[in-house]
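Computation of the quantities below employed the complete heavy-atom set of this structure, encompassing side-chain atoms and omitting hydrogens, waters and symmetry-equivalent molecules. Throughout, numbering of the chain's residues begins at 1 and tracks the sequence. Indexing begins at 1, ligand by ligand and atom by atom, following the structure's order. If you're wondering where the values come from, they're calculated on a predicted model, not measured in any experiment.
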Amino acid sequence: MFVTKVGLVRALLLALVITAAVVSAHPGEAPPTPQNIVEGKLYRRSAQAQYKRCNGSRQSLQRRHAVNTQVHRRQKLLEQLRRARTAQRRSDSGYASEVLETSHVSNRTDITSNSTTSAVFANSTDACVLQPEVTIGPYWVSGELLRSNLTDDQPGVPLYLDAQFVNINTCEPVTDLYWEIWNCNSTGVYSGVVASGNGNMEDESNLNATFLRGIQRTDENGAAQFQTIFPGHYTGRAHHIHVVAHINATVLPNSTLANSANTGAVHIGQLFFDQDLISQVEASSPYSSNTQNITTNAEDSIFAQEADSEGSDPVLEYVLLGDKIEDGVFAWTSIAVDVDAKYNTSAAAAYTKDGGVANEQSLNGMGDGAPGGLAPSK
Ligand SMILES: *[C@@H]1O[C@H](CO)[C@@H](O)[C@H](O)[C@H]1NC(C)=O
Ligand SMILES: *[C@@H]1O[C@H](CO)[C@@H](O)[C@H](O)[C@H]1NC(C)=O
Ligand SMILES: *[C@@H]1O[C@H](CO)[C@@H](O)[C@H](O)[C@H]1NC(C)=O
Ligand SMILES: *[C@@H]1O[C@H](CO)[C@@H](O)[C@H](O)[C@H]1NC(C)=O
Ligand SMILES: *[C@@H]1O[C@H](CO)[C@@H](O)[C@H](O)[C@H]1NC(C)=O
Ligand SMILES: *[C@@H]1O[C@H](CO)[C@@H](O)[C@H](O)[C@H]1NC(C)=O
Ligand SMILES: *[C@@H]1O[C@H](CO)[C@@H](O)[C@H](O)[C@H]1NC(C)=O
Ligand SMILES: *[C@@H]1O[C@H](CO)[C@@H](O)[C@H](O)[C@H]1NC(C)=O
Ligand SMILES: *[C@@H]1O[C@H](CO)[C@@H](O)[C@H](O)[C@H]1NC(C)=O
Ligand SMILES: *[C@@H]1O[C@H](CO)[C@@H](O)[C@H](O)[C@H]1NC(C)=O
Ligand SMILES: *[C@@H]1O[C@H](CO)[C@@H](O)[C@H](O)[C@H]1NC(C)=O
C-alpha cells in the first residue's frame, strides 16, 4: 500500500485551503509560501478554478460555505502557487503524462462491496476541477433504466463504481443529478446496438439487451453507485466507461427518464483505469479470450483529452475487494460539472417498451463503428 501522488497533492491542497481560511481569520500569520508546495497537479487554467473539500456531512458543507467566503484571498494564493508550480515543472510532457504516471490504487482498508456512498466519500478531499467534455461516442442508447445493478448476468470482474458530482461554481455536491453509464462487456461488445465493429452484426437480439447500461440519481452527497463489470476492450480504444450526467430530469413510472434522447446533458465524459489494473483484469477469463488488440491509456486520444487539462484526472481510484482480481474491484471518483451547461447527446438507439429501436440516422455514417460520434457542444 502506498500514497498516491494525486492523493498527496490533494492532501496538500486541502491543507492550503484550510490555511487560507485560517490566515484570513488570523491576519497576523504569514501565508504559506510557494516553496511549501511540491510539484503536482494543483490548478486548472480556468478563472473558475476553485477547490472543494468533500465531506458528506452537513457539518462539512457548512464549513465549506465558510471556506467559500475566502475565495478572493484563496485565489490570490492559488495564483501565487500556480506561478511557482509552473516554474518548478520539470517536464513539459503535459498533464496527461502526469496522470499516466500516477497510481490510483488506494490505501483505504475500510472499503467492502457493501460500502455506501457516504462512507466512500466521507473524507474526500478531491480538488474541484471541471472534468473536460469528450465525445459521447457512437453507442449511447437513450431511454435506459434507472437501476443500480447493471450486470444482467454478463461474466467478468465485478465492478462497484461510485461517483460524487460537484458543482464547479460552488464546489457543492450536485443532488438529484441522473448519472448514466455504459461500457462494453468483457469481450468488447456493447449492448443495445447492432453495428459493424460491435460484435456479431448478425445477432439482432443485441438490440434488446441492456447489459452494463443504466442510470442512478445522486443522493444528498451528490453521489451514486453502480454494480457492473469491469469493461473489456475493442480495437482502437483504451478500456473506458462512458458517462452522461442529466439534470432537471423527470422520472417516468417505468423507471426511465422522460425525453432522455432530446434533453441536453450537463456533462459527457469517459472514465479510465490504471494500466496495471487493466493488465490484471485482462489476464483473467473471459477477458483473456478477446483477440482484439489492446489500446493503452497512453495511446488513447480520448484519455488525453480527459486528462490533459490542469488538475483533471479521469482515472478511477480503486481497491481490490479480495486476494484475486475475480473477487472484484471497488472504484470511485469525483466529477465536477457545470450545471448550466447543455451538451448535445446523440443516440445510436432508443430503449423503449417495444425493445431497442435503432436510430438509423445515427448509425449511418458511423463507418466501421470506430469511436467518434458528435463532439459535445455547449
Ligand atoms: C493513506 O494515504 C493518505 C494520503 O493519500 C495518508 O494520509 C494516510 O495516512 C494513508 N493511510 C494509511 C493507513 O496508510
Ligand atoms: C467528516 O464528517 C464527519 C461526520 O460525518 C466528521 O466526524 C469528520 O470529522 C469530518 N471529516 C473531516 C476531515 O472534516
Ligand atoms: C455485505 O452484506 C451482505 C448482506 O448483509 C453480507 O452477507 C456480506 O457478507 C457483506 N459483505 C461484506 C464484504 O461485508
Ligand atoms: C474519516 O475521518 C474521521 C475523522 O478523522 C476518521 O475517524 C475516519 O476513520 C475517516 N474515515 C475514513 C473512511 O477514512
Ligand atoms: C447483480 O446482478 C447479477 C445478475 O445479473 C447477480 O449475479 C449479482 O449478484 C448482482 N449483484 C448484487 C451486488 O446484487
Ligand atoms: C458480450 O456480448 C456479446 C453480445 O451479446 C456476446 O455475444 C458475447 O458472448 C458477450 N461476451 C461474453 C464473454 O459473454
Ligand atoms: C435546471 O433547472 C433550473 C431551475 O429551473 C434552471 O435554472 C437550469 O437552467 C436548468 N438546467 C438545465 C441544464 O436545464
Ligand atoms: C495487432 O497488433 C499486431 C502488432 O502490432 C499487428 O501485427 C496486428 O495486425 C494487430 N491486429 C489487429 C487485428 O489489428
Ligand atoms: C417508458 O415509458 C415511456 C413513456 O410511456 C415510453 O415511451 C418508453 O418506451 C417506456 N420505456 C420502457 C423501457 O418501457
Ligand atoms: C425485442 O423485444 C421486443 C419487445 O419485447 C420484441 O417484440 C422483439 O421481438 C424483440 N426483438 C428481438 C430481435 O429479439
Ligand atoms: C445541438 O443540438 C441543437 C438542437 O438539436 C442543434 O441546433 C445544434 O446545432 C447542435 N449542435 C451541434 C454542435 O451539433
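- Contacts between T352 and ligand 9, counted as non-hydrogen atom pairs separated by less than 4.0 Å, involve both the backbone and the side chain.
- For the atom pair CD of Q131 and CD1 of I268, the computed distance is 13.0 Å after rounding to the nearest 0.5 Å.
- Panel note: side chain S106, backbone Y318; no donor-acceptor pair is recorded below 3.5 Å.
- Rounded to the nearest 0.5 Å, atoms CD1 (I278) and CG (N297) are 4.5 Å apart.
- The part of D354 lying near ligand 10 is the backbone, judged by heavy-atom distances below 4.0 Å.
- Residue K353 has no nitrogen or oxygen atom sitting less than 3.5 Å from a nitrogen or oxygen atom of ligand 10, judged on distance alone.
- Atom numbering of ligand 9 starts at 1 in the shown order; those under 4.0 Å from a heavy atom of Y351 are 13 (C).
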Give the C-alpha distance, both sets of side-chain angles, the deciding distance and a yes or no for side-chain contact (heavy atoms from CB on, under 4.5 Å) between I335 and L271.
CA-CA 10 Å; I335 301 175; L271 299 171; 4.2 Å; yes

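- Residue T256 has at least one heavy-atom neighbour below 4.0 Å for each of these atoms of ligand 9: 1 (C).
- To the nearest 0.5 Å, the span separating CG on N107 from CG on D110 amounts to 9.5 Å.
- For ligand 8, residues of the protein lying within 4.0 angstrom by heavy-atom distance are N293.
- Per-residue contacts place L252 under 4.0 angstrom from the following atoms of ligand 9 (heavy atoms of the residue considered): 2 (O), 3 (C), 4 (C).
- Here the side chains of V99 and H104 are in contact, with some heavy-atom distance below 4.5 Å.
- One distance of note links CZ of F165 with CD1 of I168; it measures 13.5 Å at 0.5 Å rounding.
- The OG1 atom of T210 lies 6.0 Å from the CG atom of L145; values are rounded to the nearest 0.5 Å.
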Give every donor-acceptor pair under 3.5 Å between a side-chain atom in residues 186-195 and any protein atom, sequence neighbours left out.
unit_1, atom_1, unit_2, atom_2, d
S186, OG, P155, O, 3.3
T187, OG1, N185, OD1, 3.3
Y190, OH, Y234, OH, 3.0
Y190, OH, H240, NE2, 3.1
Y190, OH, H242, NE2, 3.2
S191, OG, F211, N, 3.4
S191, OG, F211, O, 2.8
S191, OG, R213, NE, 3.1

